[in-house]
Amino acid sequence: MSPTYHELVYAVVRLVPRGRVTTYGAIAGFLGLGASRMVGWALNQLTWGSGIPAHRVVNRKGELSGRHHFSSPTLMQELLETEGVLVADDCVQDLKNLFWNPSLELGDDWEYAPTSLNLV
DNA sequence: TGTTTGACCACGG
DNA sequence: GCCGTGGCCAAAC
């Protein structure tokens with residue numbers, strides 16, 4: 001079964017460590033989607049049953065652009081702060097330091113594998 | 001089947 | 001360094 005870009009995005013987001021954040025563009029570029037919007041759209045399909053830490057995905061400015069899609073507008077910030085990520089004015093502080101680069105951490109030869117979905 | 005939309009990004013002024 | 005514009009690809013209407 002060929003994975004859709006949703007599944008690719010989900011797999012990558014699940015691999016984001018606690019206390020770290022990544023960006024839509026990083027995921028899009030890493031997956032070679034070429035369209036960062038698709039990442040956001042894919043995450044829009046997420047539900048709390050998916051077990052995907054979507055709160056660790058922010059836009060390139062570090063702003064919590066997707067907070068409005070959570071159960072509560074402040075939930076995203078709460079989750080990040082719980083993981084030790086400083087958030088102020090809906091923006092991740094010290095994004096440059098907390099940024100998690102998929103292609104750098106996983107390597108350019110990383111491939112989607114169903115087993116990745118079993119990780120939490 | 002064609003149009004619109006979307007949790008965005010890069011670029012130019 | 002901020003603002004406007006184009007592009008990007010797939011799903012929803």
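Both backbone and side-chain heavy atoms feed into the values below; hydrogens, waters and symmetry mates do not. Chain A is the first sequence line, chain B the second, and so forth, proteins listed ahead of strands; every chain is numbered from 1.
With A/Val87 as the fixed residue, the side chain to side chain contact (heavy atoms under 4.5 Å, CB included) test singles out one of A/Leu64, A/Val58, A/Thr74, A/Val21: A/Leu64.
Within 4.0 Å (heavy atoms only), A/Ala54 reaches at least one base atom of the nucleic acid. Among the heavy atoms of the strands lying under 4.0 Å from A/Asn59 are primed sugar atoms or P, OP1, OP2 only; no base atom is included.
A/Arg37 has its CZ atom 12 Å from the P atom of C/dC8, to the nearest Å. Rounded to whole angstrom, the span from the NZ atom of A/Lys61 across to the P atom of B/dC8 amounts to 8 Å. The nearest whole Å value for the distance from the CG atom in A/Leu31 to the P atom in C/dC9 is 14 Å. Rounded to a whole Å, the OH atom of A/Tyr10 is 12 Å from the C1' atom of B/dA7. Atom pair A/Glu63:CD and B/dC9:P shows a separation of 10 Å (rounding to whole Å applied). The distance from atom CG of A/Asn44 to atom C1' of B/dT5 is 11 Å, rounded to the nearest whole Å. Straight-line distance from the CG atom of A/Leu33 to the C1' atom of C/dC9: 8 Å, rounded to whole Å. Summarising the geometry, the separation between NE2 on A/His69 and P on B/dA7 is reported as 4 Å, rounded to the nearest angstrom.
When the nearest nucleotides of DNA chain B are assigned to A/Arg60 and A/Trp41 by heavy-atom distance, the more 5′-ward of the two goes with A/Trp41.
Between A/Ser36 and the phosphate of C/dC8, there is no side-chain N or O to OP1/OP2 separation shorter than 4.0 Å.
In this structure, A/Glu78 CD and A/Arg67 CZ are separated by 13.0 Å, a value rounded to the nearest 0.5 Å.
Using a 30° and 60° split on the angle between ring planes, A/Phe30 and A/Trp110 fall in the tilted class, from 30° to 60°.
Taking 4.0 Å as the cut-off between side-chain N and carboxylate O, A/Glu83 and A/Arg56 count as a salt-bridged pair.
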